[in-house]
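Take a look at the structure below.
Please read all numbers here as calculations on a predicted model, not as lab measurements. Protein chains get the first letters and strands the later ones, always in sequence-line order, with residue 1 at the start of each.
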Protein chains: 2
Amino acid sequence: MSDVAREAGVSPMSVSNAFKRPEIVQPETRERILTAARRLGYVPNGVAGTLASGRSRMVAALVPSIRNSSFARTVQGLSDQLAEQGYQLLLAVADTAERERQAIESVLGRRPDGIILTGNEHHPDTIRLLRQSGVPLVETWILSGPILDMAVGFDLNEAAQAMGRLLVSRGYRHIGFAGYAPAERSRFLERQRGFQAALREAGLRDDLLFYAEETAGFAGGRLAMAVLRAQEPRLDALFCVTDIFAVGALFECQRQGLVVPRDFAVAGYGDFEIAAEVVPGLTTVRTRGYEIGRAAAHLIVERAEGGIPAPRIDVGFEVIIRGSI
Amino acid sequence: MSDVAREAGVSPMSVSNAFKRPEIVQPETRERILTAARRLGYVPNGVAGTLASGRSRMVAALVPSIRNSSFARTVQGLSDQLAEQGYQLLLAVADTAERERQAIESVLGRRPDGIILTGNEHHPDTIRLLRQSGVPLVETWILSGPILDMAVGFDLNEAAQAMGRLLVSRGYRHIGFAGYAPAERSRFLERQRGFQAALREAGLRDDLLFYAEETAGFAGGRLAMAVLRAQEPRLDALFCVTDIFAVGALFECQRQGLVVPRDFAVAGYGDFEIAAEVVPGLTTVRTRGYEIGRAAAHLIVERAEGGIPAPRIDVGFEVIIRGSI
DNA sequence: CTGAAAGCGCTTACAG
DNA sequence: CTGAAAGCGCTTACAG
């Protein structure tokens, strides 16, 4: 920077201003500075800037997986929104509470202007570290329950209940549930609760439950069908907590010669791209992962610039009806 | 840090050493320091560390998309490898040369220890900036042609040629190609060239070509079938540059009552999870996106620690035969 | 609108 | 093994 200042015949201060607050420096001085900078290939050192100003224009995000379409959408939303506002994204993929703790610790050393988390279940040490740091926080994909600072999500319970009711209204009477293990995690549990509530309302049994690992992929749906049909041979429908399980179930029906939805109905969750393409189309809950990412980034930036945004944002959901039920 | 030093009754230097080079400070002093740090909730300021040392322990990656399984795998590989080595990932999603340039500029201000790019086609300004910065570079998903510094990928031409030959050997005689637009991008073009070479070897026509946007998704396969079958009614096979197009084509066959592979054959590229699940299973080229990410991260870290790694790494590919051809 | 001074919180290289 | 000094490249707050 001092090189640029010398080259342009001004003080370092003016160079700094020419980059950060161009309107404050006289047009011709600014021009001289920018020309000198270009000639020297000068790129301002943001590290020094962060240290001096205490603002990093960097936001960290922790996601459990990048392969999952939902979180991929969220990351895309974060990335788009942050880029638009001149911020950068520090990404950490952490699929366990322990890895999350480690990631948080190293991320905190970078002094981000905010941290975006997934869900509301964290290691106690993580919570302590975050609280201590005072950094603005957004928890995503969850809306109810205790939150640390801010949250962006939708009503998981209601979304699952809506789909449960739809299945009931279509006349299915032995409806299974394919969920994520471990089932006690609140992000997972709320969906199950909503589903069960809908079945109980209708006086149907609500204990046809199967749990597969988040990483199970399409196999989750196949396994759920096998296990639940063994448990209840009259099983006529399956609600899956992810379209991936649901599409796996559809493929399994195809292999077994079951005609969907005549012989068996399948409903999903996520409205991933494949839901609209598979034959028959998948009836599913459309979640708004991209919007969650954008909203979360927006909250952090608002706070970083001194605003006091609403602490909880509900991006909603939608039931998309296609041919699979 | 000085608070911790005071609390522990040592100099700031020793606090620094206790964190960065614990073996250099006496066990009991170290213990005293770490206890004090824990009590005060001290997290070392990595920003100041970076400024002072010139090393950021941060690696930036630019990918065109995070929704594409291939790049999602690469990002996962990067993330895993970097986390293992105590580095962090600065992620930028840039789907055009112009956005790439912007991203590079802002990323460079952060003084990363290395930058990982996708492909080898960049804006001239981008190249100038990168050269000037002297930061270690890895270009991914490409191996041939000019590279800026280091590269990790596989032989795209050969992979496509292998699949082309397989189709020919199975007796298909009117084989179409569903590629990405714009077709002149080298990452895309090499696949087409390999495919065409295989057809010409066999004396077959090699001009049944269709290009869809990278963002076309499953629709790419559907469109390719419609256009190419109109162009050549005897079309009996389709090679797609992504499994997504291929699965889209399979679904289209299903809708039209075409039995695969009896009436029509489909081959893909990527070996995404769905390739093994769809009915019939998709014959495809297995690419190694995860390994590309890991290797790229490894190259940067090696260089950051003073090593001189091999400039090009070939992670290979594999043809996976299932039921679709 | 422009500039000289102090300081952000570390690390480096050197001395003890 | 431990520490006092200088410096990394900016920004802040203030004076001119």
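When distances are taken from the side chain of A:Ser16 to each of D:dT12, D:dA4, D:dT11, the shortest belongs to D:dT11. Of the candidates D:dT11, C:dT12, D:dG7, the closest approach to any side-chain atom of A:Ser53 belongs to D:dT11. Comparing C:dC10, D:dC10, D:dT2 against the side chain of B:Tyr42 picks out C:dC10 as the nearest. Checking D:dG9, D:dT2, D:dT11 against the side-chain heavy atoms of A:Asn45 singles out D:dG9 as nearest. Nearest to the side-chain atoms of A:Val25 among the listed nucleotides D:dT11, C:dT2, D:dA5 stands C:dT2. Taking only side-chain atoms of A:Leu51, from C-beta outward, the nucleotide of D:dT11, C:dT2, C:dC8 with the closest atom is C:dC8. In the set C:dC1, D:dC8, C:dC8, C:dC8 carries the atom at the smallest distance from any side-chain atom of A:Ala52.
By the 4.0 Å N-to-carboxylate-O rule, A:Arg187 lies too far from A:Glu121 to be salt-bridged with it. A salt bridge links B:Arg294 with B:Glu84: the closest approach of a Lys/Arg side-chain nitrogen to an acidic carboxylate oxygen falls below 4.0 angstrom. In summary, B:Arg67 and B:Glu214 do not engage in a salt bridge, as defined by a charged side-chain N under 4.0 Å from a carboxylate O.
Position along DNA chain D of the nearest nucleotide to A:Val43 versus B:Arg32 favours B:Arg32 as the more 5'-ward residue. Positionally, the nearest nucleotide of DNA chain D for B:Gln26 lies more toward the 5' end than for the other of B:Gln26 and A:Gly46.
Note: A:Arg73 CZ to A:Glu291 CD = 9.0 Å, rounded to the nearest 0.5 Å.
Pair check for D:dG3 finds C:dC14; Watson-Crick or G-U wobble, both atom distances under 3.5 Å.
Here B:Ser2 lies out of heavy-atom contact (under 4.0 Å) with every strand. B:Thr50 comes within contact range of no nucleotide atom at all, as no heavy-atom separation falls under 4.0 Å.
Separating the CZ atom of A:Arg57 from the C1' atom of D:dT11 is a distance of 14 Å, rounded to the nearest angstrom. Between B:Phe19 atom CZ and C:dC10 atom P the separation is 9 Å, expressed in whole Å. To the nearest angstrom, P of C:dT11 lies 5 Å from NZ of B:Lys20. For the pair B:Arg55 CZ and D:dG7 P, the interatomic distance rounds to 23 Å; values are reported in whole Å. Rounded to whole Å, atom P of C:dC1 lies 7 Å from atom CD1 of A:Ile24. Between A:Leu40 atom CG and D:dG9 atom P there is a gap of 14 Å when expressed in whole angstrom units. Between the P atom of D:dG9 and the CE atom of A:Met13 lies a distance of 18 Å, rounded to the nearest Å. B:Met1 places its CE atom 13 Å from the P atom of C:dC8, with the value rounded to the nearest Å.
In this structure, A:Thr29 reaches the C:dT2 phosphate: one of its side-chain N or O atoms is under 4.0 Å from OP1 or OP2.
Ring geometry for A:Trp141 versus A:Phe71: interplanar angle over 60°, hence perpendicular rather than tilted (30 to 60°).
Within a 6.0 Å radius of CD in B:Glu28, no more than 12 heavy atoms belonging to other residues, nucleotides or ligands are found.
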